[in-house]
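Quick notes on the structure that follows.
Because only heavy atoms are used, hydrogens play no part in the values below, and waters and symmetry mates are left out as well, while side chains stay in. Convention: sequence-line order gives letters A, B, ...; per-chain numbering from 1.
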Amino acid sequence: MALIGEKGVQRILLVTAFSAMSALLLIALFIVNEGVPFMFRYGIQGFLLSSDWDPSSGTFGIFPMIMASLWVTVGALLVGAPLGIAGAVFLSEFAPRPVMRVVKPAIELLAAIPSVVYGFIGVMVLAPLIREVFGGPGLSVLAASIILGIMILPTVISISIDSILAVPQSYREGSLALGATVWQTVHMVTVRAAKSGIIASVILGLGRAIGETMAVIMVAGNAVKIPDSPLDSVRTLTANIALEMSYATGMHREALFATGVVLFVVIIILNTVASVAMRKRAAKK
Amino acid sequence: MSFQLEIIHLVANIDAVCNPASFRNPCRKITLKANSMSKTVTIAIVFFAILGGCGKRTNSVTLAGSTAFQPFAEKLADQYMQKNREAAVTVQGGGSAVGIQSAISGAAQIGMADLVQLPEEAKHLNATIVARDGIAVVIHPSNKVSNLTTQQVRDIFNGTVRNWADVGGENRPVTVVSREAGSGTRSSFEQTVGGIALTKEALIQDSNGTIRETVANDVNAVGYLSHGLLNDKIKAVTIDGQECTSAAIAADKYPLVRPIFLLVNGEPQGQVKAFIEYVLSVEGQETLKSNGLIPAR
């Protein structure tokens, strides 16, 4: 350390900090450079709003994939958000602290399970179950939604817990002193005060759901069509890229990069909304 | 200048390390050289040289392409390396399109492709047919259907037949399972059956193996895969009354057959040539045959 000196250390740390950012920048530049020229050449409207995807005949419409990503993500939200928020409320407000200290890390472990394992469970257990009970091919929006809903639980629960615990104890005490029951305090005071953090947790979960690839390829069936029911098989934007990239050349390859651009824009919007929501919470304190 | 010479020496020594035939206490040699140069530079160069040097020995052959032929190529590569200790044969998948692309670009010396017709850009490549492969149309074992005509196969994959009752089965919906665009198995299947515009309802799986799993798990499913990958979890139907067996394929009776090409950019030479010759040899062809492919000769 003495050899490098204070300034030197600062500079080294600066470089490491910027390397992460420059990686992001490079990736963004790369995708944009590969994908955007194609979008203009092919026509943005035709690319985004046409529902014909047939690379061998040169038609590249990703509307079915956009709809698929939307359906699957909303589905994952319907499964994951209520479960996650309710779980977070229970763990932070009702469960004894020692219980929370065990359960919360356990839930966070869910995030450490590789997505291919989730996919495998989806294929072997969930898809046949859906086929038996509801009909259809089994590999479907519903299967993908349930799997993704479980996958976003750790994100939703752990950020929600943190933001609920960040609500000052005096709020709860004030509410209880006014004669509110514990449940009234929870849903009228605590959760309201932690609202922006909870919303941020859900949006981050959303980002994870929309970006997930492996598990979705395995359980969604990958048919290129606009779904009309949750039992239909769909192909999401991520699945489209991963499935076809190894074969793609020329226009087809550029079209897949352009798919990546669309995905990138969607995720940037989601993350911005989430961080704005988080900042609001910080500003309130 | 002398610095460059040192590097050449080092690389030469490392070649000796990599080549077991002339293995003679390489560590001492490298340390000896290291004394004559700045240590850090040497260590860095040694690392890079080892990485680069060992990865690309002159005797290595890389195959890439068709996932249908990949397991057979791996088996052949193993046997070939047993016989030729100094040869290194690497087999990668990726699909027929990747096989063609990497043969053209030189990313792999040998591209594997299983297409009925090679595309225009592959016409200049040196193509050798090493085997033929039947494409089996497969269904769940509990499905009562046992024969489909070519027309019925076409109708099912076009989406005009949507119920198994229409082709002599139970009253259940048909779930079509196909491969992704660009797959050699898919384009061979569509070309040999003819007139297929795949239904939008079709599930897409990205390898022969996942097709097999999907069909094995779904009583309504119908898919297609390489004849060599059939097992008892799925049932192959007869096409126009012809069973998908090695004998029927060899006798040109089974209709859905495609050739498997090994593609080389330019005239095969050295190890590449030797490996292709090995695949075509009696032993190589026998290996393919015993694993379910149909020999080319």
Chi angles and distances behind the side chain to side chain contact (heavy atoms under 4.5 Å, CB included) call for A/R235, B/I204: CA-CA 9 Å; A/R235 180 187 300 188; B/I204 305 292; 3.3 Å; yes

Greater than 12 external heavy atoms within 6.0 Å of A/K7's NZ: no

Contacting region of B/A181 [heavy-atom separation from chain A under 4.5 Å]: both

Approximate separation, where rounding is to 0.5 Å, of B/T175 OG1 and A/L139 CG: 9.0 Å

More than 12 heavy atoms from other groups under 6.0 Å of CZ on A/R11: no

Toward chain B, the part of A/S51 with a non-hydrogen atom under 4.5 Å: backbone

Full working for salt bridge (charged side-chain N to carboxylate O under 4.0 Å, His left out) between A/D54 and B/K200: CA-CA 10 Å; A/D54 188 3; B/K200 282 195 191 301; over 6 Å; no

Residue part contacting chain A, namely of B/S183, when any heavy atom lies under 4.5 Å: both

From CA spacing to verdict: side chain to side chain contact (heavy atoms under 4.5 Å, CB included), A/N222, B/E180: CA-CA 9 Å; A/N222 308 317; B/E180 71 285 20; over 6 Å; no

Residues A/K225, B/T199; criterion side chain to side chain contact (heavy atoms under 4.5 Å, CB included); working and verdict: CA-CA 10 Å; A/K225 57 173 266 191; B/T199 166; over 6 Å; no

Residue among B/G93, B/G94, B/A97 with most heavy-atom pairs under 4.5 Å to chain A: B/G94

Spatial distance of atom CG (A/L243) from atom CD (B/Q205) [nearest 0.5 Å]: 8.0 Å

B/R186, part contacting chain A, at a heavy-atom distance under 4.5 Å: neither

Over 12 foreign heavy atoms within 6.0 Å of CZ, A/F264: yes

Greatest number of heavy atom pairs closer than 4.5 Å to chain B - which of A/P137, A/P128, A/A242, A/G136: A/P137

Option that, when pairs with chain A are counted at under 4.5 Å, heavy atom only, ranks first among B/D218, B/I100, B/L198, B/V176: B/D218

